[in-house]
Amino acid sequence: MNQTVSSPQKITGEISPPGDKSISHRAALLNSIGNGSAKISNFCEGDDRTSMINCLNSLGAQIDEGASDGEFIIRGNGLNGLIEPTDVLNAGNSGTTMRLVSGLLSAQKFYSVITGDDSLRFRPMKRIIEPLNLMGAKVSGRDNNSYAPLTFHPNNLSGIEYSMPVSSAQLKSCLLIASLYAQGEMIINQPSNSRDHTERMLQSMGSNIRTEGLQITMSSTELNCIDVQIPCDTSGSAFWLVAACCHPNAKIKINNVGMNPTRTGVIEVLKMMGANLHLTNESFQGGEPVADIIASSSKLKGIEISGEIIPRVVDELPILALASCFADGKTIIKNAEELRVKESDRIAATVDSLKKLSASIEELPDGMEINGTGALTGSKVDSHGDHRIAMTNGIAGLLADGVTTVENSEAASVSYPNFWKELTLIQKA
Ligand code: S3P
């Protein structure tokens with residue numbers, strides 16, 4: 001599918017992005033192995049949600065749509081109540097599904113296999129296979145334990161002390177889920193902070209989890225199901241923040257955005273660049289901070305984005321690269337080599353797209369260098385089959401002169417099925 005976008009005179013309106021994908025996935029998985037039942041409200045939308053729910057339901061989880069939109073009811077099976085799936089599980093395009101569900105599968109008393117789509121089968125899985133096997137699991141993967149399909153044979157797990165080689169919330173969460181089934185204490189040392197939704201949710205569900213600095217310690221416990229009201233996705237909001245900040249005549253209100261400090265790197269970076277962002281209605285929802293954000297036309301300046309903030313802004317780097325095209329001076333993004341192993345090689349895909357729109361941008365091995373020119377020219381760009389690149393290109397179309405055609409635009413539906421509709425609405429509001 002192709003979408004054509006051009007720059008409107010004015011951007012205005014109110015948006016409520018879908019429920020947070022990371023929190024939704026954790027709410028579904030952890031409640032499925034909890035005791036009792038839970039109501040999840042404002043569950044995320046899109047193909048990744050289907051992948052997670054299908055995998056869990058194939059394991060005997062009881063997840064049903066509730067009475068209202070975005071509501072799901074989960075009846076917990078308890079820690080040991082899952083059943084052997086009768087077919088290969090399919091995580092689709094969702095790295096979070098594959099890595100979190102793998103933590104679960106590694107500890108079950110049955111055999112299972114998980115695979116994914118053409119992108120996911122080439123994303124690194126050694127990072128989870130190695131530590132799971134150190135815990136005693138019997139996990140194997142294609143190409144010398146590097147990639148999916150992954151197979152799991154039953155074995156008993158023990159807690160270990162493990163220093164993560166990459167700062168990855170998916171890896172950390174995989175190990176925490178496995179350690180719910182392990183004998184003895186699990187200690188995880190993180191190189192830097194990444195999103196901590198798993199830790200927060202495990203804590204609320206009654207687990208023995210402790211975080212001290214970058215070290216997480218956990219031991220096995222039963223979990224109590226909890227209701228979760230999911231905030232709107234911080235990463236989904238980032239597209240609208242950049243649209244408003246970079247357009248000369250814009251003001252958008254984004255409702256109920258998740259403000260977990262391990263996710264708000266994008267807000268910190270935009271503020272450092274000089275963005276006009278105003279937070280209102282700050283409150284707590286389901287153990288997570290939330291706020292409404294009002295974003296408006298801004299005079300941005302180039303900065304360096306590197307170091308410990310990278311894992312807290314990792315999904316927003318393509319859209320921040322776009323923002324940098326409209327900033328005064330140079331922006332350098334460094335230490336972001338993880339971008340190369342996301343749903344696409346997001347360094348190559350971002351540079352390819354923005355170059356086609358006549359941006360002054362170059363690839364670095366671990367990031368990008370952008371010289372802000374204050375303008376882009378519409379052209380034909382491709383989503384590279386990656387939802388975040390599709391949406392970055394859509395926002396680029398709102399800001400570029402002339403017409404931008406986004407090819408394979410349907411990729412956005414992985415995390416934001418209404419993205420193109422909302423993009424049209426803010427031009428007409
Ligand atoms: C996610 C963690 C991040 C992020 C992904 C969602 C999660 O990946 O890129 O979109 O829900 O845990 P890594 O933790 O592997 O960097």
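In each ligand, atom 1 is the first atom listed, and ligand 1 is the first ligand listed.
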>> What does the 4.0 Å heavy-atom contact list look like for ligand 1?
In response: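 For ligand 1, the residues that come within the 4.0 Å heavy-atom cutoff are Ser22, Arg26, Thr96, Ser168, Ala169, Gln170, Arg195, Val314, Asp315, Lys342.
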>> Looking at Ser298 and Leu300, would you say the former's side chain and the latter's main chain have a donor-acceptor pair under 3.5 Å?
In response: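 Such a contact is absent between Ser298 side chain and Leu300 backbone.
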> Does atom NZ of Lys355 have more than 12 heavy-atom neighbours, drawn from other residues, nucleotides or ligands, at distances under 6.0 Å?
Replying inline: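 Count over threshold, so yes.
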>> Going by the rule side chain to side chain contact (heavy atoms under 4.5 Å, CB included), which residues pair with Asn35 if we only count those two or more places apart in sequence or in a different chain?
In response: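 With neighbours one apart ignored, the set is Glu222.
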> Is Asp315 paired with Arg346 through a side-chain N to carboxylate O contact shorter than 4.0 Å?
Replying inline: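 Counted as a salt bridge, because a side-chain N and a carboxylate O are separated by less than 4.0 Å.
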>> Under 4.0 Å between a side-chain nitrogen and a carboxylate oxygen: does that hold for Asp64 and Arg75?
In response: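 A salt bridge links Asp64 with Arg75.
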>> What I want to check is whether the side chains of Gln183 and Ser158 have a donor and an acceptor closer together than 3.5 Å.
In response: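 Ser158 and Gln183 do not have a side-chain donor-acceptor pair below 3.5 Å.
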